[in-house]
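Take a look at the structure below.
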Amino acid sequence: MTALLHDLIASFAAIGATEDGGVCRLAATALDKEARDLFLREIGNRGFVPRIDAIGNMFGVAVLEPATDEIVITGSHLDSQPTGGRYDGAYGVLAGLLAVEAIRDRCLANPGAARRNLAVANWTNEEGARFQPSLTGSSVFAGGLSLQDAHACADGDGVTLGDALVGIGYCGITPLEHRPVRYVELHVEQGDRLEQAAGDIAAVSGAWMTRKISVVFEGDYSHTGPMPMALRRDALRASARAIEALYVEVARENAGAHASAARISVYPNSPNVVAGRVRVWFEIRHEDEAVVFAISDRFLKRIERDSREIGVEISIAADERRSAPLLDPAGVELVLAVAGDLGCKALALKTITGHDALAIQKRIPASLIFVPSRGGLSHNPREFTASEALDKGYAVLVETLWRMVTTREA
């Protein structure tokens, strides 16, 4: 079965493959459709019931106990970053697909064991690379984002997610009929803590708090040549100051926070025009919300002052605050117990980045399982997790799901 898992990962990695060995498969593009079509075939080949809801979330349902409407869901996402690797997201979807099949077969061999049903899911636009916010499909599923707002999310060309889903044929009309009671997601860590601890499995207990702030710098356009330096209102200069200020404030706090300015939009983006309008996407992360707010509040006050000094005004285009949620404690204990029973070295930790499990926790108890990432590298074509590590994660996922679908209490 694990050989099949590696074959499936390779098959999906070929869709959107880049010359440097990575994967670029943005949400609701033609390549995303190709991956979705293949996933739908894999669902059908195993005799699962396919379901696609209005935000494009895909489900493959194994009816294990027809007498109940309860269902346990496992899965992740098939969309990637522009510089994605082959494991991020796809591993959880494909391991989930095979795990559902393994448990269905195990239930057939043990009549009456199942107390609830099981499904694998592919959540829409987890990455947020083309449409913001990220975790879109899982947030709609959990009720944290309205379908209307999700459909209205627009990419850089003004195409909405709703229209893009219609364009690829995945704005569905067959939502999941069953009542979800638990969710489990298997994922590569995307950090190096497991590797540093020589661990096999991490049961994720919660997440760091994240504040994502999109700042617009408004100056004025002028010729880069004749305009006197003292009269320039250079929005790009103000944004450069702000980027450096963010790093200064993080260092000043000295609390281990992570921060970045990873996206910038410049207008008119001409080599002969002083930039009059610039938008920068900033983020600050830490497990303590107070640390995030201390850094970000100082940062905003500082860049407003610094920008005004050079004739540039700032405004906040978006200020998204993701709390530091806890995942289901019972799920953490179950994953640790399963890992121990299977002879894996396991530990509990918090995730620094977002995952669909965090969105789904708002509706039902959710669990997140990590396997090591070599060098902590992710969102990079060189992202790598050893086959043995992938296999151990798969084994833990299967046994965790088995216990969830067979126990009296969900």
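Everything numeric here is computed off the predicted structure, so don't read it as measured data.
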Item checked: Flag for E189-S373: side-chain donor and acceptor within less than 3.5 Å -> no
Note to self: Between the side chains of R252 and E249, is the shortest nitrogen-to-carboxylate-oxygen separation below 4.0 Å, so that they form an ion pair?
What the structure shows: yes
Next item on the list: Would you please indicate yes or no on a ring centroid separation below 6.0 angstrom for F59 and F48?
Entry: no
Notebook entry, point to check: Does the pair I264 and V266 meet the rule for a side-chain contact (heavy atoms from CB on, under 4.5 Å), with working shown?
Noted result: CA-CA 7 Å; I264 187 167; V266 180; 4.1 Å; yes
Notebook entry, point to check: Is there side-chain contact between T210 and I284, with heavy atoms separated by less than 4.5 Å?
Noted result: no
Item checked: From CA spacing to verdict: ring-ring contact (aromatic ring centres under 6.0 Å, His included), F299, F282 -> CA-CA 10 Å; F299 165 70; F282 300 96; 4.9 Å; yes
Next item on the list: State, with a plain yes or no, whether a side-chain heavy atom of T2 is found less than 4.5 Å away from one of L390.
Entry: no
Note to self: Does atom CZ (R374) have a neighbourhood of more than 12 heavy atoms from anything else shown, all under 6.0 Å?
What the structure shows: no
Next item on the list: Find the distance between CZ (R279) and CZ (F217) and round it off to the nearest 0.5 Å.
Entry: 11.5 Å
Note to self: Quick test of your reading of the model: are D297 and K301 salt-bridged, counting only N-O distances below 4.0 Å?
What the structure shows: no
Check: Does a side-chain heavy-atom distance below 4.5 Å link K212 with R322?
Finding: yes
Check: Is the shortest distance from a Lys or Arg side-chain nitrogen in R302 or E304 to a carboxylate oxygen in the other one below 4.0 Å?
Finding: no
Next item on the list: Taking the side chain as every heavy atom from C-beta outward, state whether F141 and R363 have any atom pair closer than 4.5 Å.
Entry: yes
Check: Quick one: do the H6 and D391 side chains pair a donor with an acceptor below 3.5 Å?
Finding: yes
Note to self: Please determine whether a side-chain nitrogen of the Lys or Arg among K392 and E388 lies less than 4.0 Å from a carboxylate oxygen of the Asp or Glu.
What the structure shows: no
Notebook entry, point to check: Distance only, no hydrogens: is a donor on one side chain within 3.5 Å (strictly under) of an acceptor on the other, for H379 and D88?
Noted result: yes
Next item on the list: State whether the number of non-hydrogen atoms from other residues, nucleotides or ligands found under 6.0 Å of Q148 atom CD is greater than 12.
Entry: no
Checklist line | Any side-chain donor near an acceptor of the partner, D149 and S146, under 3.5 Å | finding: yes
Item checked: Presence of salt bridge, R36 and D79, under 4.0 angstrom -> no
Next item on the list: Taking the side chain as every heavy atom from C-beta outward, state whether I73 and L176 have any pair of such atoms under 4.5 Å apart.
Entry: yes
Next item on the list: Kindly determine whether E185 and S76 satisfy side chain to side chain donor-acceptor pair (under 3.5 Å), including the steps that lead there.
Entry: CA-CA 6 Å; E185 181 169 358; S76 194; 2.9 Å; yes
Item checked: Cation-aromatic face contact R263/W281, 6.0 Å, 45 degrees -> yes
Next item on the list: Would you please test V23 and F12 for side-chain contact (heavy atoms from CB on, under 4.5 Å) and show each step?
Entry: CA-CA 9 Å; V23 176; F12 278 81; over 6 Å; no
Next item on the list: Any chance you could lay out the side-chain contact (heavy atoms from CB on, under 4.5 Å) test for Y91 and L186, step after step, and finish with the verdict?
Entry: CA-CA 7 Å; Y91 169 52; L186 179 62; 3.3 Å; yes
Checklist line | Contact check, side chains of V371 and I201, non-hydrogen atoms, under 4.5 Å | finding: yes
Note to self: When you compare the side chain of R116 with that of M404, does any pair of heavy atoms fall below 4.5 Å?
What the structure shows: no
Next item on the list: Carefully, step by step, assess D234 and V312 under the rule side-chain contact (heavy atoms from CB on, under 4.5 Å).
Entry: CA-CA 7 Å; D234 190 337; V312 175; 5.6 Å; no
Notebook entry, point to check: Has the side chain of N380 got a donor or acceptor atom that lies under 3.5 Å from a matching backbone atom of R382?
Noted result: yes
Next item on the list: Inspect the contact between R130 and D155 and indicate whether a charged nitrogen and a carboxylate oxygen are less than 4.0 angstrom apart.
Entry: yes
Next item on the list: Evaluate the side chain to side chain donor-acceptor pair (under 3.5 Å) criterion for residues S270 and N272: first the C-alpha distance (whole Å), next the side-chain angles of each, then the deciding distance (0.1 Å), finally the verdict.
Entry: CA-CA 5 Å; S270 168; N272 293 317; 4.9 Å; no
Item checked: Sidechain N-carboxylate O distance under 4.0 Å for R51, D53 -> no
Checklist line | Distance, nearest 0.5 Å, that separates CG of L8 from CZ of F39 | finding: 10.0 Å
Check: If you round to the nearest 0.5 Å, how far is CZ of R277 from OG of S265?
Finding: 7.5 Å
Item checked: Donor-acceptor contact present, side-chain E383 to main-chain Y87, <3.5 Å -> yes
Margin query: Applying side-chain contact (heavy atoms from CB on, under 4.5 Å), can you list everything that pairs with S315, at least two apart in sequence or on another chain?
Written below: V216
Next item on the list: Give a yes or no on whether the backbone of E42 and the side-chain of R46 come within a donor-acceptor separation of less than 3.5 Å.
Entry: yes
Note to self: Tell me whether R233 is salt-bridged to E218, with the criterion being a basic N under 4.0 Å from an acidic carboxylate O.
What the structure shows: no
Next item on the list: Rounded to the nearest 0.5 Å, what's the gap from OG1 on T407 to CZ on R115? Could you check?
Entry: 7.5 Å
Margin query: Please check this pair: side chain of R232 against backbone of T224, looking for a donor-acceptor N/O pair closer than 3.5 Å.
Written below: yes
Check: How long is the span from the NE2 atom in H77 to the OG1 atom in T136, to the nearest 0.5 Å?
Finding: 11.5 Å
Notebook entry, point to check: Is it true that a side-chain atom of T160 and a backbone atom of C153 form a donor plus acceptor pair closer than 3.5 Å?
Noted result: no
Checklist line | Test item: L300 and I316 side chains (from C-beta on) under 4.5 Å apart, heavy atoms | finding: yes
Next item on the list: Please check if any side-chain donor atom of N117 sits under 3.5 Å from a side-chain acceptor atom of E65, or the reverse.
Entry: no
In a table with atom names and distances, give each donor-acceptor pair under 3.5 Å that connects a side chain of residues 166-174 to protein atoms at least two apart or in another chain.
residue : atom : partner : partner atom : Å
Y170    : OH   : D37     : N            : 3.4
Y170    : OH   : D37     : OD1          : 2.6
T174    : OG1  : I52     : N            : 2.9
T174    : OG1  : I52     : O            : 3.2

Note to self: Can you confirm whether more than 12 heavy atoms, excluding those of R403, are under 6.0 Å from its CZ atom?
What the structure shows: yes
Margin query: Given 3.5 Å as the limit, does a donor-acceptor pair link the side chain of Y183 with the main chain of G75, or not?
Written below: yes
Check: Can you tell me how far OG1 of T400 sits from CZ of R182, rounded to the nearest 0.5 angstrom?
Finding: 9.5 Å
Checklist line | Ring centroid separation F370 to H355 under 6.0 Å | finding: yes
Notebook entry, point to check: Are the charged groups of R179 and E70 less than 4.0 angstrom apart, N to O?
Noted result: yes
Next item on the list: May I ask you to check whether H258 and H286 place their ring centers less than 6.0 Å from one another?
Entry: no
Checklist line | H187 and D356: CA distance, side-chain angles, deciding distance, side chain to side chain donor-acceptor pair (under 3.5 Å) verdict | finding: CA-CA 10 Å; H187 209 282; D356 290 308; over 6 Å; no
Notebook entry, point to check: Within the distance-only criterion (no hydrogens, no angle test), does the side chain of R25 pair as donor or acceptor with the backbone N or O of I15 below 3.5 angstrom?
Noted result: yes
Next item on the list: Look only at the side chain of D328 and the backbone of G331, and say whether a donor-acceptor pair between them is shorter than 3.5 Å.
Entry: yes
Note to self: Salt bridge or not between E289 and R211? Use side-chain N to carboxylate O under 4.0 Å.
What the structure shows: no
Next item on the list: Could you tell me whether a side-chain N or O of K362 sits under 3.5 Å from a main-chain N or O of S139, the two making a donor and an acceptor?
Entry: no
Item checked: Side chain S138, main chain I360, donor-acceptor under 3.5 Å -> no
Notebook entry, point to check: What about the rings of Y267 and Y221, do their centers lie closer together than 6.0 Å?
Noted result: yes
